[in-house]
Visitor: 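Sending over a structure as structure tokens; questions will come in a sec.
For clarity, every value in this text was computed on a predicted model and none was experimentally measured. Heavy atoms only: backbone and side chains are in, while hydrogens, waters and symmetry mates are out.
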Amino acid sequence: MTPKELSEKFFVFSTSYFLTDVRNDKAKFYALSDKDLQENPLCYSGIFLNLVMDGKLDEAWDLLKKVEKLSSVIPDIKLLYYGLFLVHPEISWNQFTNIVRTLRKNNTPLNNVALTCERPFLLNGLNDFTRIGPFLKRNKEQFIDYGKYLYGEECSHFIYRLCLAEYEYQLNNIIEAELLVSQTIKEFDKKSKSRLLFVALYLQSKILLSQGKIVESASYIKYIKRYIKTDGLEVFSKNIDAVEIFYALHDADYVKIQKWLSNSSPDEYGDFNMLDLYRYMIKIRCYIITNKSTAVVALAEKLRPLLERGKRHMDLCELDILLAISLYTSDKKKLALESFERALKYVRRYNYFRIVADEGDIMLHILLEYIKIKGQSPFLLKLLEITRTMAIRNPLYLKPKQINNETFSQTEIEILKLLEQGKNKQDISEYFLISINTVKYHMKKIYGKLNANAPHQAVWNAKQLGII
């Protein structure tokens, strides 16, 4: 592919040349000479975006300065400079709004800027704009007006609703979030706005999950896949697979999880890519349930400096929550509570209630232990209430796999199934033509393996572990 052909791709960047395509062409962009870039300045975009995805933020800034100097000589490059500046992770909110004001003043929109990064949250895409939640409600018309110069006038109102839905969801205003997101789905579908539709459908599936509707949530994943297949946008496929694993974590589908870990998960030791941030977070969860605490710490500490530089508050909060869970399940409770306390600073400041609550049962135990030490407060009790609800509604989520089916004999599995049906010891003895004492012997072994003290507890634990 020639430099000119690479350059031409960027003329259709917002519709058919995605960030994953830019990534696939990484070696070609990095190999361009100064002469190639002088003749095809649009190729600076490919180099810049790859530097950002590599986490080489200082080099990205240096390249941006070159483009800025070039824009003073070639006016047509000015728009390219604005577009690249907008997607640098370290850009401040003031810098962001200043650029949008300039675009508005000159009436030069940048339709479909890749701020979502093909990830499932709009406010936390390539940049972390989750902190602007309060701004959304106070400055609705201003936000909608700004949106016209990033996503086009036809979608600006619905972009606002989707951003507000994400914000309301974090506040645990579930009904408001559901109403807002449902309004956007039909509109994005009708307008074939695939990136935005992906975000809206994922958020709606999270809302359904928060209501304990796991079956309905899974059906949304299937719908997303059907839509993408029809539209031919395979660019989303890796994130869609990660979303599917997210719901497999709620079903305790260890086979699917292990297969994804082995075959499809991003390799943090290979071509590390910040475009895969959502997938790295899912991988950390998979590490947790497969008892790979060392791998959790290694990946978390690889991500942390990049997230701190980009002021990615939501991601840092989530990272410390997951690290706390991993440490807690590894019986390192002191370190777990320290990590949890770091996360709470973000939760208090930005109202990230759902980031904590969505982690369910294990997070509930961490919260209870934290409250025992620190004492109660209205903030902690609210967090506890939401988390308890999620723990009850999604009991299988993030349960580490501790027992293998092979450790149970066929007789023990069959006894568990009979207990599930409500059979008593007498019934079981008649089924197997054995004495009551022999039944008691089998049940004692079952209780020991499942850490149970009663039939209903044994059945419950067996179901959680996929034994029956």
Side-chain angles (χ1 to χ4, degrees), residues 120-121 169-172 174 177 202-218 220-221 242-254 256-257 278 281-293 296 300 314-315 317-331 333 336-337 339-341 343-344 346-347 351-372 379-402 451 457 460-466:
F121 282 107
Y169 176 76
Q170 283 302 324
L171 290 174
N172 197 45
I174 301 299
Y202 178 74
L203 180 57
Q204 187 169 59
S205 70
K206 289 270 285 184
I207 291 169
L208 290 170
L209 188 63
S210 73
Q211 298 167 334
K213 300 176 182 177
I214 185 65
V215 175
E216 289 86 343
S217 298
Y220 271 87
I221 303 306
V243 170
E244 194 167 15
I245 296 304
F246 177 70
Y247 290 108
L249 289 164
H250 288 77
D251 284 334
D253 189 339
Y254 299 114
K256 183 180 285 187
I257 290 164
Y278 175 76
M281 292 295 194
I282 297 299
K283 190 169 187 178
I284 288 176
R285 289 173 170 87
C286 293
Y287 280 153
I288 289 171
I289 71 160
T290 52
N291 300 303
K292 296 178 180 177
S293 57
V296 171
M314 179 179 276
D315 292 321
C317 181
E318 183 179 352
L319 193 68
D320 277 322
I321 288 294
L322 295 177
L323 188 58
I325 290 172
S326 179
L327 291 166
Y328 189 84
T329 56
S330 303
D331 206 27
K333 294 185 178 180
L337 292 176
S339 183
F340 180 60
E341 192 154 38
L344 279 184
Y346 294 107
V347 180
N351 296 312
Y352 294 154
F353 288 99
R354 296 300 320 186
I355 288 183
V356 177
D358 287 349
E359 300 308 320
D361 184 70
I362 302 175
M363 181 49 56
L364 176 66
H365 287 87
I366 294 173
L367 253 173
L368 288 168
E369 194 139 345
Y370 185 83
I371 289 171
K372 283 181 185 177
F379 165 76
L380 288 173
L381 290 177
K382 178 180 179 180
L383 203 53
L384 183 67
E385 181 184 355
I386 305 169
T387 307
R388 184 188 294 115
T389 300
M390 285 300 289
I392 293 170
R393 288 177 175 172
N394 298 281
L396 300 181
Y397 175 63
L398 227 54
K399 292 289 184 181
K401 186 177 182 181
Q402 298 172 332
N451 192 27
Q457 189 179 11
W460 177 255
N461 290 349
K463 281 185 172 181
Q464 285 187 316
L465 294 166

Visitor: Taking atom CD1 of Ile362 and atom NZ of Lys399, what is their separation to the nearest 0.5 Å?
Guide: 6.0 Å
Visitor: Could you give the distance from CD (Glu369) to CG (Leu337), rounded to the nearest 0.5 Å?
Guide: 5.5 Å
Visitor: Indicate yes or no for a side-chain donor-acceptor contact from Asp253 to the backbone of Lys256 under 3.5 Å, with no hydrogens or angles considered.
Guide: yes
Visitor: Rounded to the nearest 0.5 Å, what separates atom CG in Asp315 from atom CZ in Phe121?
Guide: 10.0 Å
Visitor: Taking Arg388 for the side chain and Leu364 for the main chain, is one N or O donor matched with an acceptor at less than 3.5 Å?
Guide: no
Visitor: Val356 and side chain to side chain contact (heavy atoms under 4.5 Å, CB included): which single residue from Ile386, Ile366, Leu384, Val347 fits?
Guide: Val347
Visitor: Take the angle between the ring planes of Phe379 and Phe353 and call it parallel below 30°, perpendicular above 60°, tilted in between.
Guide: tilted
Visitor: Between Leu323 and Val296, is the side-chain contact (heavy atoms from CB on, under 4.5 Å) condition met? List the steps.
Guide: CA-CA 7 Å; Leu323 188 58; Val296 171; 4.2 Å; yes
Visitor: Which atoms form the tightest heavy-atom contact between Ile257 and Ala248, and what is the distance?
Guide: CD1-O, 3.9 Å
Visitor: How close do Cys317 and Ile355 get, counting heavy atoms only, and between which atoms?
Guide: SG-CG2, 3.9 Å
Visitor: What's the separation between atom CD in Glu341 and atom OH in Tyr370, rounded to the nearest 0.5 Å?
Guide: 3.5 Å
Visitor: With sequence neighbours excluded, tell me which residues meet salt bridge (Lys or Arg N to Asp or Glu O under 4.0 Å) with Lys382.
Guide: none
Visitor: Rounded to the nearest 0.5 Å, what separates atom CG in Leu249 from atom CG in Asn394?
Guide: 11.5 Å
Visitor: Work out which heavy atom in Arg393 is nearest to a heavy atom in Gln211; give both atom names and the distance.
Guide: NH1-CA, 3.4 Å
Visitor: Nearest heavy-atom pair of Leu344 and Leu383: which atoms, and what distance?
Guide: CD2-CD2, 3.7 Å
Visitor: Any side-chain heavy atom of His365 sitting closer than 4.5 Å to one from Tyr328?
Guide: yes
Visitor: I'd like to check the salt bridge (Lys or Arg N to Asp or Glu O under 4.0 Å) partners of Arg285; sequence neighbours left out, ordered by chain and number.
Guide: Glu318, Glu359
Visitor: Quick check for you: to the nearest 0.5 Å, what is the distance between Cys286 atom SG and Tyr254 atom OH?
Guide: 11.5 Å
Visitor: Specify whether His250 and Tyr247 have parallel, tilted or perpendicular ring planes, treating 30° as the upper limit for parallel and 60° as the lower limit for perpendicular.
Guide: tilted
Visitor: Is the shortest side-chain heavy-atom distance between Leu319 and Met281 below 4.5 Å?
Guide: yes
Visitor: Using salt bridge (Lys or Arg N to Asp or Glu O under 4.0 Å) as the criterion, list what pairs up with Glu385, not counting sequence neighbours.
Guide: none
Visitor: Who passes ring pair (Phe, Tyr, Trp, His ring centres under 6.0 Å) against Tyr169, sequence neighbours left out?
Guide: none
Visitor: For a quick test of reading the model, state the closest non-hydrogen atom pair linking Phe340 to Ala324 and the distance between them.
Guide: N-CB, 3.8 Å
Visitor: Quick one: closest heavy-atom pair of Gly360 and Thr387, and the distance?
Guide: O-CG2, 3.5 Å
Visitor: State, yes or no, whether a side-chain contact exists between Met390 and Met363 at a heavy-atom distance under 4.5 Å.
Guide: no
Visitor: Applying side chain to side chain donor-acceptor pair (under 3.5 Å), can you list everything that pairs with Glu244, at least two apart in sequence or on another chain?
Guide: Lys225
Visitor: I would like to know whether Val243 and Tyr278 meet side-chain contact (heavy atoms from CB on, under 4.5 Å); could you show each step before the answer?
Guide: CA-CA 9 Å; Val243 170; Tyr278 175 76; 3.6 Å; yes
Visitor: Please answer whether the main-chain N or O of Leu322 pairs with a side-chain N or O of Ser326 as donor and acceptor at a distance below 3.5 Å.
Guide: no
Visitor: For Arg354, which residues count as a side chain to side chain donor-acceptor pair (under 3.5 Å) partner, sequence neighbours excluded?
Guide: Asn172, Asp358
Visitor: Is there a donor-acceptor contact under 3.5 Å from the side chain of Ser339 to the main chain of Asp320?
Guide: yes
Visitor: Is the closest side-chain heavy-atom distance between Leu209 and Phe246 below 4.5 Å?
Guide: yes
